[in-house]
Amino acid sequence: MMDNEVDVFYRELPKVELHAHLNGSVSCPTIEKLISRKPHLNIGHGMTAIGKGQRRTLDECFQVFKVIHQLVDTEEDILMVATDVIKEFAADGVKYLELRSTPREEKHTGLTKKSYIETVIKAIQQCKSEGVDIDVRFLVAIDRRNGTEVAMETVKLAEDFMLSSDGLVLGLDLSGDPTVGHGKDLLPALQKAKNCGLKLSLHLSEVPSQLEESDMLLDLPPDRIGHGTFLHPTMGGSQGLVDKVVKHNIPLELCLTSNVKGQTVARYSDHHFKHWYQMGHPSVICTDDKGVFSTDLSQEYQLAASTFDLSREAVWKLSHDAIDCIFAPDTVKQQLKQKWIDLKPQVF
Ligand code: 6MZ
């Protein structure tokens, strides 16, 4: 993303990013560094990012993550990737970031799921000690394809870190290829997580075939929804699902470019943002995978504004209202709201 393509208003807009997968957020310069560390893998740039105007099926997107995972398989890699990603979000005007990632074990490098999370936390702490102007928290991700047992194990890990990380680990993300596995197998683990105080952000109805699963998972209820593309009746969902989301007032994390490039939404103007936003339902603009989808949060705000004809006041309110959807405690919300007051331009 070239700076000059995005209006300075969007760059300077203070922003909250709530839906960012660590390995999907790796930028080109960081990929270059990873490739030079592992030339024997013969991985080229075209294999890790979907450029401007390009599209892939969702299935092809998941192949891209596999390539990136080959490049990121040591503690050293994770430290570099997490540090770079945090600094890039900060440079883009993000003031509060909830990063999510699936802990992986790599026997050949000695990486364990525990050391994976410890390394992400180390990166967060290092950025903080360097004075990078961003508050970063972490959500431990469950990959839905790995089933019940791994989900339970991940909840236990997340709980341990929630108790020992000084508030840095706040909750869980449920993600992974939506065409694989079923939420009912993960329900006990998600219920357990909720009972022990972990916040839940669940990918729901990212593809059309998940209505029954979404209906079941909404009864938990989750604290936030990732995508929710096919929940709304106009997208093939149902009023019953919308009613549940509204009743529990569950914010949606909406990722425009990701959905268009992954071809679950035909064009920007068809994005379900418009339905939820018009209803006045909490809707948070996010990037999903800024590296893979070649975007950044400023650009996503600009796209939402130009597609749905939002005034600058409305865009400011959109970024401000995202603060109420964060998982960190009220004291952090108050600090952020003060920051927004301090940074608000006299005129738009
Ligand atoms: C569902 C997604 C996703 O965890 O290795 N992930 N899950 N839908 C999406 N929409 C495009 N984008 C990313 O980051 C990569 C992982 O995040 C999840 C997938 O499980 C992917 O393997 P981490 O940091």
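Numbering of residues begins at 1 and proceeds along the displayed sequence. Only this structure's heavy atoms are used, side chains among them; waters, hydrogens and symmetry mates stay out. Since the structure is predicted, the reported quantities are computational estimates derived from the model, not experimental observations.
Take Lys247 and apply the salt bridge (Lys or Arg N to Asp or Glu O under 4.0 Å) test, not counting sequence neighbours, and it matches no residue. Remark: Glu118 pairs with Lys114 by the salt bridge (Lys or Arg N to Asp or Glu O under 4.0 Å) rule, at least two apart or across chains. With sequence neighbours left out, His69 forms a ring-ring contact (aromatic ring centres under 6.0 Å, His included) with no residue at all. For Thr57, the side-chain contact (heavy atoms from CB on, under 4.5 Å) criterion is met by Asp59, Glu60, Gln263, not counting sequence neighbours. In this structure Tyr277 satisfies the ring-ring contact (aromatic ring centres under 6.0 Å, His included) test together with Phe273, sequence neighbours excluded. By the side-chain contact (heavy atoms from CB on, under 4.5 Å) test, Val64 is found to be paired with Ile68, Val292, residues two or more places apart in sequence or in another chain being considered. Looking at residues two or more places apart in sequence or on another chain, you find no ring-ring contact (aromatic ring centres under 6.0 Å, His included) involving Phe230. Remark: Asp166 pairs with no residue by the salt bridge (Lys or Arg N to Asp or Glu O under 4.0 Å) rule, at least two apart or across chains. Every residue two or more places apart in sequence or in another chain that forms a salt bridge (Lys or Arg N to Asp or Glu O under 4.0 Å) with Glu153 is listed here: Lys113. In this structure, the ring-ring contact (aromatic ring centres under 6.0 Å, His included) partners of His19, at least two apart in sequence or on a different chain, are His21, His203, His227.
Although no hydrogens or angles enter the test, the distance criterion places no donor-acceptor pair under 3.5 Å between the side chain of His248 and the main chain of Ile250. Distance alone, capped at 3.5 Å, is enough to place a donor-acceptor pair between the Thr148 side chain and the Asp185 backbone. Distance alone, capped at 3.5 Å, is enough to place a donor-acceptor pair between the Asp92 side chain and the Ser298 backbone. No donor-acceptor pair under 3.5 Å is formed between the side chain of Arg137 and the backbone N or O of Phe327. At least one donor-acceptor pair under 3.5 Å links the side chain of Ser283 to the backbone N or O of His281. Using a distance-only test at 3.5 Å, with no hydrogens or angles considered, a donor-acceptor pair links the side chain of Thr119 to the main chain of Ser115. Although no hydrogens or angles enter the test, the distance criterion places a donor-acceptor pair under 3.5 Å between the side chain of Ser36 and the main chain of Lys33. Between the side chain of Glu300 and the main chain of Thr257, a donor-acceptor pair closer than 3.5 Å is present. Judged by distance alone, the side chain of Asp143 and the main-chain N or O of Arg145 form a donor-acceptor pair under 3.5 Å. Within the 3.5 Å criterion, the main-chain N or O of Ile50 finds a donor-acceptor partner in the side chain of Lys261.
Within the 4.5 Å cutoff, the side chain of Pro178 has heavy atoms near those of the Val207 side chain. Within the 4.5 Å cutoff, the side chain of Pro222 has no heavy atoms near those of the Leu217 side chain. Two residues are said to be in side-chain contact when any heavy atoms from C-beta on lie closer than 4.5 Å; Leu168 and Phe138 fail this criterion. Between Phe65 and Asp289, some side-chain heavy-atom pair lies under the 4.5 Å cut-off. For the pair Leu204 and Leu218, the minimum side-chain heavy-atom distance is below 4.5 Å.
Counted within 6.0 Å of CZ on Arg37, heavy atoms from surrounding residues, nucleotides or ligands total more than 12; the atom is thus considered enclosed. Counting non-hydrogen atoms of neighbouring residues, nucleotides and ligands closer than 6.0 angstrom, the NZ atom of Lys38 exceeds 12 such neighbours. In Glu149, the CD atom is not crowded: 12 or fewer heavy atoms of neighbouring residues, nucleotides or ligands sit closer than 6.0 Å. Heavy atoms of other residues, nucleotides or ligands lying less than 6.0 angstrom from CD of Gln70 number more than 12. The 12-atom threshold is exceeded at CD of Gln54, counting heavy atoms of other residues, nucleotides or ligands nearer than 6.0 Å.
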List the atom pairs, with distances to 0.1 Å, where a side-chain N or O of residues 336-348 and a protein N or O form a donor-acceptor pair under 3.5 Å, not counting sequence neighbours.
{"residue": "Lys337", "atom": "NZ", "partner": "Asp324", "partner atom": "OD1", "Å": "2.8"}
{"residue": "Gln338", "atom": "NE2", "partner": "Asp342", "partner atom": "OD1", "Å": "3.0"}
{"residue": "Lys339", "atom": "NZ", "partner": "Asp133", "partner atom": "OD1", "Å": "2.9"}
{"residue": "Trp340", "atom": "NE1", "partner": "Ser319", "partner atom": "OG", "Å": "3.0"}

Distance-only donor-acceptor pairs under 3.5 Å for side chains of residues 239-246, two or more places apart:
{"residue": "Gln239", "atom": "NE2", "partner": "Asp243", "partner atom": "OD1", "Å": "3.0"}
{"residue": "Lys244", "atom": "NZ", "partner": "Asp215", "partner atom": "O", "Å": "3.3"}
{"residue": "Lys244", "atom": "NZ", "partner": "Asp215", "partner atom": "OD1", "Å": "2.9"}
{"residue": "Lys244", "atom": "NZ", "partner": "Asp219", "partner atom": "OD1", "Å": "2.9"}
{"residue": "Lys244", "atom": "NZ", "partner": "Asp219", "partner atom": "OD2", "Å": "3.2"}

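Each of Asp84, Thr48, Asp77 was evaluated against Leu34; a single residue qualifies, Asp77, per the side-chain contact (heavy atoms from CB on, under 4.5 Å) test. Of the listed residues (Leu190, Asp223, Val155), just one forms a side-chain contact (heavy atoms from CB on, under 4.5 Å) with Leu198, and that residue is Val155. Considering Thr179, Asp177, Leu174 as possible partners of Arg144, the one that fulfils the side-chain contact (heavy atoms from CB on, under 4.5 Å) test is Leu174.
Classification of Glu106 and Arg104 as a salt-bridged pair holds, one side-chain N sitting under 4.0 Å from a carboxylate O. A salt bridge is defined here as a Lys NZ or Arg NE, NH1 or NH2 lying under 4.0 Å from an Asp or Glu carboxylate O, and Lys274 with Asp309 fails to meet this definition. In this structure, Lys184 does not pair ionically with Glu212, as no charged nitrogen and carboxylate oxygen lie closer than 4.0 Å. Taking the charged nitrogens against the carboxylate oxygens, Lys333 and Asp330 do have a contact shorter than 4.0 Å, which makes a salt bridge.
In this structure, Lys15 is not positioned above the aromatic face of Tyr96 in the sense of NZ or CZ being under 6.0 Å from the six-membered ring centre and within 45° of the axis. Relative to the ring axis of Phe9, Arg312 places its NZ or CZ within 45° and under 6.0 Å from the centre.
Ser101 and Tyr116 form a side-chain donor-acceptor contact under 3.5 Å, judged by distance and modelled atom types alone. Side-chain contact, Ser269 with Thr307: no donor N or O sits under 3.5 Å from an acceptor N or O. Under 3.5 Å, the side chains of Gln210 and Ser214 contain no donor-acceptor pair of N or O atoms. Side-chain contact of Ser175 with Arg100: a donor-acceptor pair under 3.5 Å is absent, judged by distance alone.
Closest approach of Met235 and Val265 over heavy atoms only: CE-CG2, 4.5 Å. The heavy-atom pair separating Ala193 from Leu172 by the smallest distance is CB-CD1, 3.4 Å. The two residues Glu253 and Cys286 come nearest to each other via the heavy atoms CB-SG, 4.0 Å.
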Step-by-step salt bridge (charged side-chain N to carboxylate O under 4.0 Å, His left out) determination, Lys156 to Asp160: CA-CA 6 Å; Lys156 179 79 186 80; Asp160 292 347; 2.9 Å; yes
Evaluation steps, salt bridge (charged side-chain N to carboxylate O under 4.0 Å, His left out), between Lys290 and Glu88: CA-CA 10 Å; Lys290 73 174 180 61; Glu88 286 156 4; 2.6 Å; yes
Pair Lys128-Glu130, salt bridge (charged side-chain N to carboxylate O under 4.0 Å, His left out): steps then yes or no: CA-CA 5 Å; Lys128 194 171 177 178; Glu130 284 175 34; over 6 Å; no
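Cluster annotation: Phe161 is not connected to Val150 through the hydrophobic network of ILVMFWY side chains, with a link wherever side-chain heavy atoms come within less than 4.5 Å.
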